[in-house]
Amino acid sequence: MEQRIRKELYLKGHVAENTFEDIIGQSPAIKQAKEEAENYAQIDSPLLIYGETGTGKELFAQAIHNVGPRKNNPFVAFNCAAIPENLLESELFGYVGGAFTGAKREGKMGLFEQAHKGTIFLDEIGEISTDIQARLLRVFQECKVRRIGDDKLTIVDVRIIVSTNKDIYRLVEKKKFREDLYYRINVLNLNLPPVRERREDVPLLVNFFIKKYRQKLKKVVKGISIEGIQILENYTWPGNVRQLENIMERLMVRAKEDYIRASLVREVMNSLPGNKLGLNRGDFFKSDMSIPLMGNLEEIERNIIKRVIQEEKGNKAAAAKRLGIGRTTLWRKVNNK
Ligand SMILES: Nc1ncnc2c1ncn2[C@@H]1O[C@H](COP(=O)(O)OP(=O)(O)O)[C@@H](O)[C@H]1O
Ligand SMILES: [Mg+2]
């Protein structure tokens with residue numbers, strides 16, 4: 001019985017594949033997030049997951065669904081940023097036959113109805129217009145949806161998980177996000193740490209993806225050099241785990257030996273658009289050499305500044321301009337005052 005239901009959900013794509021075991025990381029930050037999430041799985045209240053892009057918001061939402069009381073019912077994920085405004089409404093709420101030109105004759109079930117008894121995960125909730133926000137609020141409050149063109153309401157019983165990579169409260173202040181909806185969804189909240197705040201997880205993630213792509217690409221690669229790992233550990237990862245996975249796939253595709261060498265890592269990292277090792281913006285440097293990212297932040301900063309001064313052949317005014325800081329600041333930072 002359970003299997004039959006799951007099979008049907010699979011066909012519709014409404015199954016959460018991942019569990020907490022699939023969330024890699026041993027850092028205190030990720031452990032704490034997992035612990036909190038496991039507790040939240042047992043509570044039916046709305047949950048707001050905050051995290052930069054690629055930090056695993058959807059992964060966590062799936063894991064939460066899969067250990068909670070609704071695990072044998074649908075998990076419906078929807079990315080609010082991926083669909084144009086005019087389609088958003090009919091996707092979420094559905095419509096009745098003949099509701100508008102181009103509508104299917106038999107009408108269409110919205111995602112809320114499809115998620116009935118399960119979980120609905122609305123990714124990037126910060127992207128929706130205030131009109132749709134108003135409609136969402138009504139659904140959340142009344143637990144009923146009205147299809148477009150319909151005069152009756154349908155009861156829906158769903159657990160709501162939403163996510164955002166924006167500071168929603170800032171959006172509330174700027175009147176881009178309804179305050180009432182904000183309070184409605186922000187009952188439980190979970191913050192996912194960016195990779196650069198849990199660098200100790202990088203080696204684990206790297207090994208995880210080596211194993212994954214070794215199988216997928218049928219490669220013999222068994223590992224990566226220590227220096228290679230260090231380069232990856234020191235990078236800022238603005239795209240977080242998603243970006244790390246992408247880089248690991250590229251490294252695995254290109255690796256010719258049975259381990260990934262540091263020279264290959266350096267080459268791939270240096271080819272990222274606008275990136276040099278360890279920095280988000282590489283346009284400070286004219287040449288291709290990387291700065292050793294050792295020591296504390298001040299030391300690293302000092303090395304960068306010295307390097308730029310060198311490149312500007314000692315012209316401090318030019319160096320300051322390129323770095324976007326004042327000459328006095330530059331002097332102070334170089335002389336550690
Ligand atoms: N801690 C993690 N361990 C393993 N894979 C992860 C982890 N965090 C994210 N991922 C993977 O990275 C990719 C992006 O995750 P996703 O949940 O879509 O991020 P977000 O929704 O925050 O942008 C997915 O392929 C996901 O499986
Ligand atoms: Mg996402």
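Start at 1 and go down the list; that is how both ligands and their atoms are numbered.
For ligand 1, the atoms sitting less than 4.0 Å from at least one non-hydrogen atom of Arg242 are 12 (O), 14 (C), 16 (P), 18 (O), 19 (O), 20 (P), 23 (O), numbered in the order shown with element in parentheses. Near Asp22, meaning under 4.0 Å from any of its heavy atoms, are these atoms of ligand 1: 3 (N), 4 (C). Counting atoms of ligand 1 from 1 in the listed order, those under 4.0 Å from a heavy atom of Leu205 are 3 (N). Counting atoms of ligand 1 from 1 in the listed order, those under 4.0 Å from a heavy atom of Glu245 are 25 (O). Taking every non-hydrogen atom of Ile23 and a distance limit under 4.0 Å, the qualifying atoms of ligand 1 come out as 1 (N), 3 (N).
In terms of polar-atom proximity, Phe209 is not counted as a contact of ligand 1, lacking any N or O under 3.5 Å from an N or O of the ligand. Considering backbone and side-chain atoms alike, Phe208 places every N or O at 3.5 Å or more from each N or O of ligand 1.
Side-chain contact between Ile120 and Phe78 is absent, with no heavy atoms from C-beta onward closer than 4.5 Å. Pro238 places a side-chain heavy atom less than 4.5 Å from the side chain of Gln243.
Distances shorter than 4.0 angstrom occur between a heavy atom of Gly54 and an atom of ligand 1.
Rounded to the nearest 0.5 Å, atoms CD1 (Ile231) and CE (Met269) are 8.5 Å apart. The distance from atom SG of Cys80 to atom CG of Leu92, rounded to the nearest 0.5 Å, is 6.5 Å.
Nearest non-hydrogen protein atom to atom 15 (O) of ligand 1 is Gly56 CA, 3.8 Å. In terms of protein heavy atoms, atom 3 (N) of ligand 1 is closest to Ile24 N, 2.9 Å. Regarding atom 26 (C) of ligand 1, its nearest protein heavy-atom neighbour is Leu59 CD2, 4.3 Å. Here the protein heavy atom with the shortest distance to atom 21 (O) of ligand 1 is Glu58 N, 3.4 Å.
Side-chain contact, Thr154 with Arg147: no donor N or O sits under 3.5 Å from an acceptor N or O. Side-chain N/O atoms of Asn246 and Arg250 include a donor and acceptor closer than 3.5 Å.
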For this session: Please test Asn66 against Thr19 for side-chain hydrogen bond (donor to acceptor under 3.5 Å, both in side chains), starting from the C-alpha separation and ending with a verdict.
Result: CA-CA 6 Å; Asn66 269 336; Thr19 66; over 6 Å; no
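Checked for salt-bridge contact, Lys321 and Glu312 miss the test: no charged N lies under 4.0 Å from a carboxylate O. Taking 4.0 Å as the cut-off between side-chain N and carboxylate O, Arg307 and Glu311 count as a salt-bridged pair.
In terms of distance to the Mg ion (ligand 2), the nearest N, O or S atom of Asp123 is named OD2.
Around atom 10 (N) of ligand 1, the closest heavy atom drawn from Leu244, Ile49, Val241, Ile30 belongs to Val241.
For atom 6 (C) of ligand 1, the protein comes within 4.0 Å by at least one heavy atom.
Neither the backbone nor the side chain of Asn18 has a heavy atom within less than 4.0 Å of ligand 1.
In summary, of the residues considered (Arg70, His14, Arg159, His65), a side-chain hydrogen bond (donor to acceptor under 3.5 Å, both in side chains) with Thr119 occurs for His65 alone.
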